[in-house]
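As C-alpha cells, the structure follows; a few thoughts come after it.
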Amino acid sequence: MLAAAKKKLDAAGIRYNAQVLVGPVAETIVKHARARRCDLIYIGTRGMSEIGKALLGSTATKVLHIADTPVLLVK
C-alpha cells in the first residue's frame with residue numbers, strides 16, 4: 001500500500017522512513033511522534049464536511065486535540 005507514495009518520494013529525492021504501526025490510529029500517531037521526539041505532526045484531511053466530522057469523527061481532528069506536538073493539517 002505504501003509503494004506509490006515511496007515511488008513519489010524517491011522521485012522527488014525526499015528522505016523518509018516508512019513504518020507500519022498497529023493500534024488506535026490517532027493515539028498511535030501521537031504516541032509515535034512523542035517517542036520519536038518529532039517537532040511537527042503533518043497530517044492530511046479527507047475534506048469531510050463539518051457534519052461528517054461531527055457524526056463520524058476525524059482522525060486528523062483527534063490528533064490535533066490530543067497531541068502536545070504542533071499539528072499541521074493539510075487538505
Side-chain angles (χ1 to χ4, degrees):
M1 293 195 59
L2 297 174
K6 287 180 179 182
K7 187 174 181 179
K8 287 180 182 180
L9 291 168
D10 289 337
I14 298 172
R15 291 182 353 174
Y16 62 91
N17 181 354
Q19 294 188 357
V20 177
L21 305 172
V22 178
V25 179
E27 292 84 350
T28 302
I29 291 169
V30 172
K31 183 178 177 183
H32 183 71
R34 284 183 190 139
R36 298 289 303 246
R37 303 179 86 194
C38 293
D39 296 325
L40 175 72
I41 298 172
Y42 182 94
I43 190 167
T45 64
R46 294 189 326 198
M48 196 180 298
S49 69
E50 292 302 317
I51 293 173
K53 285 185 220 175
L55 293 174
L56 300 174
S58 163
T59 298
T61 301
K62 188 165 185 179
V63 168
L64 180 64
H65 288 284
I66 65 173
D68 32 5
T69 302
V71 177
L72 177 61
L73 300 176
V74 180
K75 187 171 183 179

Test side-chain contact (heavy atoms from CB on, under 4.5 Å) applied to Val74 and Thr45, step by step: CA-CA 6 Å; Val74 180; Thr45 64; over 6 Å; no

Can you list the steps and then say if Arg36 with Gln19 is a side-chain contact (heavy atoms from CB on, under 4.5 Å)? CA-CA 12 Å; Arg36 298 289 303 246; Gln19 294 188 357; 3.2 Å; yes

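With rounding to the nearest 0.5 angstrom, the CG atom of Leu72 is 10.0 Å from the CG atom of Leu64. The structure places CG of Leu21 at 10.0 Å from NZ of Lys31, a figure rounded to the nearest 0.5 Å. Expressed to the nearest 0.5 Å, how far OG1 of Thr61 lies from CD1 of Ile66 amounts to 11.5 Å. Atoms CD1 and NE2, on Ile41 and His32 in that order, are 10.0 Å from each other to the nearest 0.5 Å.
Ile29 and Leu40 fall into different hydrophobic clusters, where Ile, Leu, Val, Met, Phe, Trp and Tyr are joined by side-chain heavy atoms under 4.5 Å apart, directly or via other members.
Counting heavy atoms from C-beta on, the side chains of Asp39 and Thr69 never come closer than 4.5 Å. Using a 4.5 Å cut-off on side-chain heavy atoms (C-beta onward), Val30 and Val63 make contact. Side-chain contact between Arg34 and Asp68 is present, with at least one heavy-atom pair separated by less than 4.5 Å. Considering only heavy atoms from C-beta on, Tyr16 comes within 4.5 Å of Asp10 through its side chain.
Shown here for Ala60 and Gly44, the closest heavy-atom pair between the two residues is CB-O, 4.0 Å.
Cluster partners of Leu2, by chain and number: Val20. The rule joins Ile, Leu, Val, Met, Phe, Trp and Tyr whenever side-chain heavy atoms lie under 4.5 Å apart.
Every residue two or more places apart in sequence or in another chain that forms a side-chain hydrogen bond (donor to acceptor under 3.5 Å, both in side chains) with Lys62 is listed here: Glu27.
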